[in-house]
*Asks:* 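Mind looking over this structure? Questions follow.
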Amino acid sequence: VQPNKTWPTWLNKGEITHIHCACVVGWLFREVRGSWIKQRCYWFVLSQDSLDYYSSSERGARRLGTLVLTNLCSVIWPDKQTFKETGYWSITVYGRKHCYRLYTKHFNEAVHWACAVQKVIDTKAPVETPTQLLIRDIEENKFNPEVVDNMYQHNPILKHTQSPLYAPLLPFPYNHSGKGYATVREEAVKLFNCLQQLECARDPVPLIQGVLQTCLDLRPLRDEVYCQLVKQTSCTPQPHTAAHLRYWQLLTCMSCTFQPGPAVLKYLRFHLKSQFPESEMDNYASFIGEALEKTRCRECVPSWEEIQVLMGRQEMLCTVHYPGPGSCQLHISSHTTANEVVRRMLEKLGLKESRNTFSLFEQNAHWERAVGGSTIIADILTRFENLSAKEPDSDSQWRLCFKLYCLLDADAISVDSIEYLFLFEQCHEMVVRGQLPACEEDLQTLAALRLQSVIGDFSTHSPCPPLDELFPGHMVEARLLMPPCAPPRFPGGLLGGTLWNHTATAAHKQKVEQDLRLRSRLKEEAAAIMSTIVECWKGLAGYSRRDSMTAYLTIARQWSGFGCTLYESSTGSFSQKLWLGVAATCVSLYRQGEAEALESFPYGQICSYGVSDSNTFKITAGDRDLLFETTKVGEQKLIAGGIVRSLIDSSCSPPSGCTQQ
């Protein structure tokens, strides 16, 4: 349909029609800014090249706007939320210069327009920018230096510039990116401005972190930033200045955080190889080339400390704690995984021959979780840095801890080895958390043995740790459990409001007094328990540290689940929380606080196991399917890992049909 022809005047508003199968025409509302202005209906025409709208459908109607359609245009389909808010179904068409938000009262009509516009967009050839064409030409002529040099001489878009960038180097769709950002095209131009600010920034780290964070949030921009950095490090007037090296430092951080696409990766490698030998840029190029061989996409933007060491092409120091007061410092790179750290810790502590399995744990004063073997340690350290900034309280400070993960052969642990100390310290952690079911008398004996092993013989001058570091807190609270009081009943009538206020005040006062009495009783009970522990401690005079640890573990071994890794979970068969224990020979289910297992499944009976969804773990034993819901996201993968390690390292073997799902 040509604009100067007569439109079919028999079409009613809200109707659409096809004309010659080449376009769609119809009446649509267009968004009007300002609620006081009444929305107007326009006559829209979709052709193979553009979406136009006119003042009316009559002959000679004035064309009010045009949106040229290319491969980079995009369509947002109608959604229910907009319909609920406005009473209209909407579609949004993004173009290079314009964005049309169109409305109709009919859902089918909105879908029809969205489909028609998308079909036109899909017929368009991919848009290629000059930079893309030049990258392809460089790849084709990389073995002909004269041709490549000629390209750089005659194409300023490939070379360093002090001028701003007005359009991205790579093509991007014309849609809104979300996440609080403008369009990807606009963000690409902003990033180039940030790159240029690096040259004069007093502290480049915040700018570098900002660029990396934008690339983490908006994946398409990663190749764009790589191209911008190659541009700014090519044909530089003063290549050896500190300002110019800032580009190389950002390129180093990018190479340790994101992997570029195949075409940009080839272009980048060609650029790295073309640096002057033995120059500072060549040193950065070598470091970047090696990093690209190992990099996989990171979960977090590098921390302030990591960026500092990467700018100097160095490695970070990572402190890894282990049970007791000990710790080790290891040099790590941006690619070091938890499995690599575990292997190095085993070598450093002389535990390579141990049949038991070890793992890294994220830990603070109140919480801990195991770290997956493929997790990048630098991401964990970044997360710790972010959490410390949000929660500066000392109790909330996080650290990495190297610990026993699954006890496969407790009897083979020598009393004189550091592994025995690991076993003792971790057993005590379980006791304090209430994960070792034992009677109160045994728990008091364990607390006394702990004091004897840590402090030695009793003395009035010896500093005594608080009770919560020796004895499970829930045992103290269990003594004070009282049945809940029935709620008071209040009379109604004319004076009901007055009586209610008076009684409510009295009830609040009574509750405050009851809380004070409860706290007082808790202190009394804690003092009584501590007194009993101290008396028991006095009776251990003469026990050496080794004797105390051995006696402690002898009591702990009385529990049949000793040595297993416990995960808090629930299953449909039981309404309350349970412990799922992964041990050397079986998987067991315990009711929290009870010593006897509700059920045990030897590995020989397990047919299959695996992850069902984000927090559900499934075990098939015989003809039974058991689903366990874990309380921590991702913990089901650790359970599967524990079973795999147990099957590999223990003497038992699964049936021939056993599979991991």
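Numbers here simply count residues along the sequence, with the first being 1. Keep in mind that what you see is a predicted model, and the values were worked out from it rather than measured. Every heavy atom of this structure was used, including side-chain atoms; hydrogens, water molecules and symmetry mates were not.
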*Asks:* Once side-chain hydrogen bond (donor to acceptor under 3.5 Å, both in side chains) is applied, do any residues pair with Asn386, and if so which ones, sequence neighbours excluded?
*Replies:*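 Once residues adjacent in sequence are excluded, Asn386 has no partner under the side-chain hydrogen bond (donor to acceptor under 3.5 Å, both in side chains) criterion.
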
*Asks:* Surrounding CZ of Arg219 (heavy atoms of other residues, nucleotides or ligands, distance under 6.0 Å), is the total greater than 12?
*Replies:*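 Result for CZ/Arg219: open.
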
*Asks:* With side chains defined as the heavy atoms from C-beta onward, is the minimum distance between Val320 and Arg399 less than 4.5 Å?
*Replies:*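 Of all side-chain heavy-atom pairs linking Arg399 with Val320, none is under 4.5 Å.
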
*Asks:* Examine the side chains of Thr620 and Ser608 and answer whether a donor and an acceptor come within less than 3.5 Å of each other.
*Replies:*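 Side-chain D/A pair, Thr620 to Ser608: present.
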
*Asks:* Report, as yes or no, whether the 6.0 Å neighbourhood of atom OH on Tyr543 holds more than 12 heavy atoms from other residues, nucleotides or ligands.
*Replies:*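 Atom OH in Tyr543 is not crowded, with 12 or fewer foreign heavy atoms closer than 6.0 Å.
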
*Asks:* Going by salt bridge (charged side-chain N to carboxylate O under 4.0 Å, His left out), name the pairs with one or both residues in residues 548-562, residues two or more places apart or in two chains.
*Replies:*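 Qualifying pairs: Asp411-Arg557.
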
*Asks:* Would you mind checking if Glu419 and Arg355 are paired as a salt bridge, meaning a charged N to carboxylate O distance below 4.0 Å?
*Replies:*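 Salt bridge between Arg355 and Glu419, a charged N being under 4.0 Å from a carboxylate O: no.
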
*Asks:* Looking only at heavy atoms, what is the nearest atom pair of Val301 and Thr382, with distance?
*Replies:*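 Looking at all heavy atoms of both residues, the closest pair is O-CG2, 2.9 Å.
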
*Asks:* Check the side chains of Glu440 and Gln444 for a donor-acceptor pair under 3.5 angstrom, ignoring hydrogens and angles.
*Replies:*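 Yes.
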
*Asks:* Are Leu566 and Met430 side-chain neighbours, meaning at least one heavy-atom pair lies under 4.5 Å?
*Replies:*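 Yes; the side chains approach each other to less than 4.5 Å.
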
*Asks:* Using a 3.5 Å distance criterion without hydrogens, assess whether the side chain of Gln209 forms a donor-acceptor pair with backbone atoms of Pro302.
*Replies:*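 Such a contact is found between Gln209 side chain and Pro302 backbone.
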
*Asks:* Roughly how far, to the nearest 0.5 Å, is CG of Leu360 from OG1 of Thr337?
*Replies:*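 That separation rounds to 9.5 Å.
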
*Asks:* Roughly how far, to the nearest 0.5 Å, is CE of Met475 from CD of Glu525?
*Replies:*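 So the CD of Glu525 and the CE of Met475 are separated by 11.5 Å.
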
*Asks:* Okay, side chain of Thr532, backbone of Ala528: is any donor-acceptor separation there less than 3.5 Å?
*Replies:*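 Side chain of Thr532 to backbone of Ala528, a donor-acceptor pair under 3.5 Å: yes, one is there.
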
*Asks:* Got a donor-acceptor contact below 3.5 angstrom from the Thr295 side chain to the Ser255 backbone?
*Replies:*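 Between the backbone of Ser255 and the side chain of Thr295 there is a qualifying donor-acceptor contact (under 3.5 Å).
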
*Asks:* I want to check something: taking the side chain as every heavy atom from C-beta on, are Trp367 and Arg369 in contact at a cut-off of under 4.5 Å?
*Replies:*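 Answer yes - side chains close enough.
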
*Asks:* Can you list the steps and then say if Arg343 with Glu347 is a salt bridge (charged side-chain N to carboxylate O under 4.0 Å, His left out)?
*Replies:* CA-CA 6 Å; Arg343 283 195 293 270; Glu347 293 175 5; over 6 Å; no

*Asks:* Report the C-alpha separation of Cys464 and Met530 in whole Å, then their side-chain angles, then the decisive distance to 0.1 Å, and conclude whether the side chain to side chain contact (heavy atoms under 4.5 Å, CB included) test is met.
*Replies:* CA-CA 10 Å; Cys464 196; Met530 195 66 191; 2.9 Å; yes

*Asks:* Tell me, do Leu216 and Phe258 make a side-chain contact under 4.5 Å, heavy atoms counted?
*Replies:*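 Touching, per the 4.5 Å side-chain cut-off.
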
*Asks:* Over all heavy atoms of both residues, which pair between Leu212 and Met254 is shortest? Give the atoms and the distance, please.
*Replies:*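 Shortest heavy-atom separation between Leu212 and Met254 comes out as CD2-SD, 3.5 Å.
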
*Asks:* Starting from the C-alpha separation in whole Å, work towards a yes-or-no answer on salt bridge (charged side-chain N to carboxylate O under 4.0 Å, His left out) for Arg624 and Glu599.
*Replies:* CA-CA 12 Å; Arg624 297 177 61 188; Glu599 288 193 84; 2.6 Å; yes

*Asks:* Testing the basics here: between Asp379 and Cys300, what is the closest heavy-atom pair and its distance to 0.1 Å?
*Replies:*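 Closest pair (atom of Asp379, atom of Cys300, distance): OD1-N, 3.2 Å.
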
*Asks:* For a salt bridge (charged side-chain N to carboxylate O under 4.0 Å, His left out) check, start with the C-alpha distance between Arg517 and Glu524, then their side-chain angles and the critical distance, and finish with the verdict.
*Replies:* CA-CA 10 Å; Arg517 286 197 300 270; Glu524 292 173 3; over 6 Å; no

*Asks:* How long is the gap from NE2 on His335 to OG1 on Thr257, to the nearest 0.5 Å?
*Replies:*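 So the gap between those two atoms works out to 8.0 Å.
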
*Asks:* If we only count heavy atoms from C-beta on, is the Glu568 to Leu578 side-chain gap below 4.5 Å?
*Replies:*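 With C-beta onward as the side chain, the pair stays apart.
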
*Asks:* For Asp442 and Thr445, which I'm curious about, is there any donor-acceptor pair between the side chains at under 3.5 Å?
*Replies:*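 Absent: no donor and acceptor within the cut-off.
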
*Asks:* Testing the 3.5 Å rule here: is there a donor-acceptor pair between the side chains of Ser453 and Ser548?
*Replies:*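 The answer is no; no qualifying pair exists.
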
*Asks:* Going by an N to O cut-off under 4.0 Å, is there a salt bridge joining Asp515 and Lys511?
*Replies:*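 Yes.
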
*Asks:* Does any part of the side chain of Trp579, heavy atoms only, come nearer than 4.5 Å to the side chain of Leu589, both counted from C-beta?
*Replies:*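 Side-chain contact under 4.5 Å: no.
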
*Asks:* Please name the pair of heavy atoms, one in Ala595 and one in Pro437, separated by the smallest distance, quoted to 0.1 Å.
*Replies:*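 Of all heavy-atom pairs spanning Ala595 and Pro437, the closest is CA-CG, 3.6 Å.
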
*Asks:* Can you tell me how far apart CG (Leu451) and CG (Leu446) are? Round to the nearest 0.5 Å.
*Replies:*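 Taking CG in Leu451 and CG in Leu446, the distance rounds to 11.5 Å.
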
*Asks:* Does atom CD (Glu299) have a neighbourhood of more than 12 heavy atoms from anything else shown, all under 6.0 Å?
*Replies:*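 Not buried by this count: 12 neighbours or fewer within 6.0 Å.
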
*Asks:* Give me the atom names and distance for the closest heavy-atom approach of Gly542 to Gln452.
*Replies:*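 Taking every non-hydrogen atom into account, N-NE2, 4.2 Å.
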
*Asks:* Going through the distances and angles, do Lys403 and Glu368 end up as a salt bridge (charged side-chain N to carboxylate O under 4.0 Å, His left out)?
*Replies:* CA-CA 11 Å; Lys403 297 172 59 178; Glu368 98 173 0; 2.9 Å; yes

*Asks:* Give a yes or no on this: more than 12 heavy atoms of other residues, nucleotides or ligands lie within 6.0 Å of atom CD of Glu513.
*Replies:*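 Result for CD/Glu513: enclosed.
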
*Asks:* How about Val432 and Pro472: do any of their side-chain heavy atoms sit closer than 4.5 Å?
*Replies:*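 A side-chain contact under 4.5 Å is absent here.
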
*Asks:* Enumerate the residue pairs fulfilling salt bridge (charged side-chain N to carboxylate O under 4.0 Å, His left out) with a member in residues 454-471, sequence neighbours excluded, ordered by first and then second residue.
*Replies:*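 Listed once each, the pairs would be none.
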
*Asks:* Checking side-chain contact (heavy atoms from CB on, under 4.5 Å) between Met311 and each of Thr252, Ile208, Leu250, which is the one that passes?
*Replies:*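 Filter result, single survivor: Ile208.
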
*Asks:* Consider only side-chain N and O atoms of Thr336 and Ser333, and report whether a donor and an acceptor are under 3.5 Å apart.
*Replies:*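 Distance-only check passes for Thr336 and Ser333.
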
*Asks:* Within the side chain of Ser531, is there an N or O that forms a donor-acceptor pair under 3.5 Å with the backbone of Ala527?
*Replies:*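 The answer is no, because no donor-acceptor pair under 3.5 Å joins these two groups.
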
*Asks:* With rounding to the nearest 0.5 angstrom, report the CD to CG distance, Gln314 to Leu317.
*Replies:*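 That separation rounds to 10.5 Å.
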
*Asks:* Who pairs with Arg344 by salt bridge (Lys or Arg N to Asp or Glu O under 4.0 Å), at least two apart in sequence or on another chain?
*Replies:*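 By the salt bridge (Lys or Arg N to Asp or Glu O under 4.0 Å) rule, Arg344 matches no residue at all.
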
*Asks:* Starting at CG of Leu400, measure out to CG of Leu381 and round the result to the nearest 0.5 Å.
*Replies:*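 Interatomic distance, Leu400 CG to Leu381 CG, rounded to 0.5 Å: 6.0 Å.
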
*Asks:* Could you tell me whether the side chains of Glu596 and Ser560 share a donor-acceptor contact shorter than 3.5 Å?
*Replies:*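 Absent: no donor and acceptor within the cut-off.
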
*Asks:* State, with a plain yes or no, whether a side-chain heavy atom of Leu470 is found less than 4.5 Å away from one of Pro465.
*Replies:*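 Result yes, sub-4.5 Å side-chain heavy-atom pair found.
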
*Asks:* Side chains of Ser334 and Glu306: is there a donor and an acceptor less than 3.5 Å apart?
*Replies:*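 Result is yes, a qualifying pair exists.
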
*Asks:* What closest approach, in Å, do Phe424 and Leu553 show between heavy atoms, and which atom pair accounts for it?
*Replies:*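 In this case the closest contact between Phe424 and Leu553 is CA-CD2, 4.0 Å.
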
*Asks:* Please list, chain by chain and in numerical order, all residues satisfying side-chain hydrogen bond (donor to acceptor under 3.5 Å, both in side chains) with Tyr284, sequence neighbours excluded.
*Replies:*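 Counting only residues at least two positions away or on another chain, Tyr284 forms a side-chain hydrogen bond (donor to acceptor under 3.5 Å, both in side chains) with Gln249.
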
*Asks:* Side chain to side chain contact (heavy atoms under 4.5 Å, CB included) for Asn356 and Phe422? Distances and angles first, verdict last.
*Replies:* CA-CA 11 Å; Asn356 301 307; Phe422 278 34; over 6 Å; no

*Asks:* Are there over 12 heavy-atom neighbours, none belonging to Lys294, within less than 6.0 Å of that residue's NZ?
*Replies:*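 Atom NZ in Lys294 is not packed in, count stays at 12 or less.
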
*Asks:* Within the distance-only criterion (no hydrogens, no angle test), does the side chain of Thr375 pair as donor or acceptor with the backbone N or O of Gly372 below 3.5 angstrom?
*Replies:*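 Side chain of Thr375 to backbone of Gly372: a pair is present.
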
*Asks:* The criterion is ring-ring contact (aromatic ring centres under 6.0 Å, His included); which residues satisfy it with Trp559, sequence neighbours excluded?
*Replies:*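 Only Tyr590 meet the ring-ring contact (aromatic ring centres under 6.0 Å, His included) criterion with Trp559.
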
